[in-house]
Amino acid sequence: MRRLFTFGCSFTNYLWPTLADILSIDYPYFQNWGHFGLGNRAIAERVAEAHVKNRFTKDDIVIVQWTSHLRHDWMHFGHPRTDFSAWR
């Protein structure tokens, strides 16, 4: 089975269709691991996680859209009484 996996920032997965969504029309199986606000480190970690969970094969298509080299990932720890702790 042909599978498509896409990775990146908001240009890959956002509130409206992206190029990844348009490309997915031609594939019976599609996973979009993109997320808005991600930096290159988080994108690379998602590629590794997806490989562990799905075991990419030579028949799979894996598209990685790297973001700007100026975007850095960091952990934001929110107030203990709120749930705002997250990767930024």
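Starting from 1, each residue takes its place in the sequence as its number.
- For F5, the ring pair (Phe, Tyr, Trp, His ring centres under 6.0 Å) partners at least two apart in sequence or on another chain are F56.
- Linking ILVMFWY side-chain heavy atoms closer than 4.5 Å, directly or via other members, places L23 and V62 in two distinct hydrophobic clusters.
- Placement of F7 and F36 in two distinct hydrophobic clusters is found when ILVMFWY residues are connected by side-chain heavy-atom separations under 4.5 Å, directly or transitively.
- The side chain to side chain donor-acceptor pair (under 3.5 Å) search around R3 returns D60, not counting sequence neighbours.
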Give the table of side-chain donor-acceptor pairs shorter than 3.5 Å for residues 15-22, with sequence neighbours excluded, one pair per line with atom names and distance.
from	atom 1	to	atom 2	distance (Å)
T18	OG1	T12	O	2.6
T18	OG1	A20	N	3.4
T18	OG1	D21	OD2	3.3
D21	OD2	T18	N	2.9

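- Applying the side chain to side chain contact (heavy atoms under 4.5 Å, CB included) test to T67 and every residue at least two apart in sequence or in another chain returns C9, N40, I43, R71.
- Taking the side chain to side chain donor-acceptor pair (under 3.5 Å) definition, one finds that E49 meets it with K53, sequence neighbours left out.
- By the side chain to side chain donor-acceptor pair (under 3.5 Å) test, Y29 is found to be paired with Q31, residues two or more places apart in sequence or in another chain being considered.
- Annotation: side chain to side chain donor-acceptor pair (under 3.5 Å) contacts of N32 (sequence neighbours excluded): T6.
- For the side chain to side chain contact (heavy atoms under 4.5 Å, CB included) test, residues two or more places apart in sequence or in another chain that qualify with A42 are L38, D73.
- Shortest non-hydrogen contact noted between R46 and G34 is NH1-O, 4.2 Å.
- The hydrophobic clustering, which links ILVMFWY residues whose side-chain heavy atoms are closer than 4.5 Å, places I63 and W33 apart.
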